[in-house]
Protein chains: 2
Amino acid sequence: MPRTSTKAAAPVRRVASDYRLEDQVGFLLRRAYQRASSNLVDRIGSYDLTAPQYATLARLYERGALSQNLLGRLVAMEPANIRDVVLRLKKRRLVATRRDATDKRLILIDLTTAGVALVEQLIPIEIECTATTLAPLKADQKQLLYELLGRLAEG
Amino acid sequence: MPRTSTKAAAPVRRVASDYRLEDQVGFLLRRAYQRASSNLVDRIGSYDLTAPQYATLARLYERGALSQNLLGRLVAMEPANIRDVVLRLKKRRLVATRRDATDKRLILIDLTTAGVALVEQLIPIEIECTATTLAPLKADQKQLLYELLGRLAEG
DNA sequence: GGCATATCGTTATGATCATAACGATAAACG
DNA sequence: CGTTTATCGTTATGATCATAACGATATGCC
């Protein structure tokens, strides 16, 4: 087994001052999201669903039919992105689309019967997955994390 | 000005039980990362750099020359992904590559003079950006967030 | 030395992402 | 009523991402 090539860390030639990449929130958030996302895919990957796709289905389950644009905002996706996600879900018959009768601009998205069934199957798994992701934290820390993240996300 | 199409929220037809998408850490982390990332791009976007590209440069600045693979691990990117990032940075002459003399498998990546200069210009901006992202939090909360995120990322 | 195993980098595929520009439709307003 | 402005969805471009499969090289151990 070859050892991990740490390669004797070439001498740090520059004055790195006090700066460390690990101290940048963005970097930490990205890694934490990677972890959470992979936890989810590990569990629901057999359904061939990604985290954003699941979020989309879950939101439709909560809210019922929504315009594509509003749906996108409710899952934090740009119009161009939610479009692609909806197309994939539609191709798999998990959602259906129809034109809004009064506002011809809108495309209404809704879960199909199969979509509803799938979401109801997935929700317990997702809750379990969240627990796994949060496992390194104590109960009161979890609560705290939610509050802090909420503030960051809202700005 | 047309009102935001909330569309009178079609009646929630399913039993949503206690489930809410907002209660899933992954979703919160994704949104928080979106915020942090856009904060960074707002500030360094004029340099045509993305957050992952910046992270890559910053890591090289901290550590000096690294193999492409190790560099990838140190910025939390898969081999296939760090490859593309390095290619883009190389195209812009911010990094240079060379073969390792003793281990023919390795490609050593290092900052160019231009790369070093750019990083040193960007570091203060990035620190400022982190402060902006964390602005909604009090001092003690920031410290706490780091600890919690660190635990999540490490698993 | 020679074989099994591990690591490195590449390639290919498919899904996110953000951004800008665009036509179509709707609402606001004089 | 007609003009201006806003919103919706699309298209295009480019950058992340994860995953699997692959050849090349290095290391482990016999």
Side-chain angles (χ1 to χ4, degrees), chain A residues 1-7 26 30-31 33-42 45-46 48-56 66-73 75-92 97-109, chain B residues 1-7 26 30-31 33-42 45-46 48-56 66-73 75-92 97-109:
Chain A
M1 183 196 309
R3 71 190 167 80
T4 297
S5 166
T6 304
K7 210 50 195 166
R30 176 162 151 272
R31 291 206 303 149
Y33 174 62
Q34 279 179 343
R35 170 81 53 172
S37 179
S38 94
N39 276 346
L40 183 59
V41 172
D42 284 350
S46 55
D48 262 311
L49 273 187
T50 65
Q53 286 171 8
Y54 169 77
T56 302
L66 296 168
S67 78
Q68 181 171 287
N69 211 276
L70 178 56
L71 174 59
R73 286 198 297 276
V75 291
M77 296 178 61
E78 297 297 319
N81 305 329
I82 187 62
R83 174 183 176 273
D84 289 344
V85 172
V86 166
L87 282 180
R88 288 182 204 105
L89 295 176
K90 187 179 177 183
K91 192 178 300 179
R92 296 175 57 186
T97 64
R98 64 180 195 277
R99 283 290 184 181
D100 184 291
T102 67
D103 189 336
K104 294 180 194 169
R105 296 172 305 175
L106 305 185
I107 296 183
L108 297 180
I109 324 282
Chain B
M1 184 196 310
R3 72 191 167 78
T4 297
S5 167
T6 305
K7 210 50 195 165
R30 175 163 151 271
R31 290 206 302 149
Y33 174 63
Q34 280 179 342
R35 169 81 54 172
S37 178
S38 93
N39 277 345
L40 183 60
V41 173
D42 284 349
S46 54
D48 264 310
L49 273 187
T50 65
Q53 286 171 8
Y54 168 77
T56 302
L66 296 168
S67 79
Q68 182 171 288
N69 212 276
L70 177 56
L71 173 59
R73 284 197 298 275
V75 292
M77 297 177 62
E78 298 295 321
N81 304 330
I82 187 62
R83 174 183 175 272
D84 289 344
V85 172
V86 166
L87 281 180
R88 287 183 205 105
L89 296 176
K90 186 179 178 183
K91 192 177 301 179
R92 297 174 57 185
T97 64
R98 66 179 194 277
R99 283 289 183 182
D100 184 290
T102 66
D103 189 336
K104 293 181 195 169
R105 296 172 307 174
L106 305 186
I107 295 184
L108 298 180
I109 324 280

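Each chain gets a letter, A, B and so on, in the order the sequences are listed, and its residues count up from 1. Here the structure is a predicted model, which means the values were calculated and not measured.
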(request) Whole angstrom is fine here: how far is it from CG in A:Asp100 over to P in D:dG9? (result) 9 Å

(message) Could you go through A:Ser46 and A:Asp48, starting from their C-alpha distance and side-chain angles, then the distance that decides it, and tell me whether this counts as side-chain hydrogen bond (donor to acceptor under 3.5 Å, both in side chains)?
(response) CA-CA 5 Å; A:Ser46 55; A:Asp48 262 311; over 6 Å; no

(message) Please pick, from D:dA24, C:dT25, D:dT10, the nucleotide with the shortest atom-to-atom distance to any side-chain atom of A:Arg83.
(response) D:dT10

(message) Just so I know, are the side chains of B:Thr97 and B:Val86 near enough to count as touching, which here means a heavy-atom distance under 4.5 Å?
(response) yes

(message) Rounding to an integer number of Å, can you tell me how far A:Asn69 CG sits from C:dT25 P?
(response) 16 Å

(request) Under the side-chain hydrogen bond (donor to acceptor under 3.5 Å, both in side chains) rule, collect the residues that match up with B:Ser38, sequence neighbours excluded. (result) none

(message) Using whole Å, what does the distance between atom P of nucleotide D:dG9 and atom CG of A:Leu66 come to?
(response) 11 Å

(request) Let me have a per-nucleotide readout for nucleotides 12-21 of chain D, 5' to 3', with B, S or -, counting only protein heavy atoms under 4.0 Å. (result) B--SBBBB--

(message) If you define the side chain from C-beta out and look only at heavy atoms, does anything of A:Ile82 sit under 4.5 Å from A:Gln68?
(response) yes

(request) Specify the separation, in whole Å, of atom CZ of A:Arg99 and atom C1' of C:dT25. (result) 10 Å

(request) Starting at atom CG of A:Leu106, determine the distance to atom C1' of C:dT25, rounded to an integer number of angstrom. (result) 9 Å

(request) Tell me, please, which residues at least two apart from A:Gln53 pass side-chain contact (heavy atoms from CB on, under 4.5 Å). (result) A:Leu49, A:Thr50, A:Val85, A:Arg88, A:Leu89, A:Arg92

(request) Provide, to the nearest angstrom, the distance between the CZ atom belonging to B:Arg105 and the C1' atom belonging to C:dA6. (result) 8 Å

(message) Measure CD1/A:Ile107 against P/D:dT11 and give the value in whole Å, please.
(response) 10 Å

(request) Can you tell me the distance, in whole Å, between the CG atom of B:Leu108 and the C1' atom of C:dT7? (result) 15 Å

(request) Apply side chain to side chain contact (heavy atoms under 4.5 Å, CB included) to B:Arg30 and A:Met77, showing your working. (result) CA-CA 11 Å; B:Arg30 175 163 151 271; A:Met77 296 178 61; 3.1 Å; yes

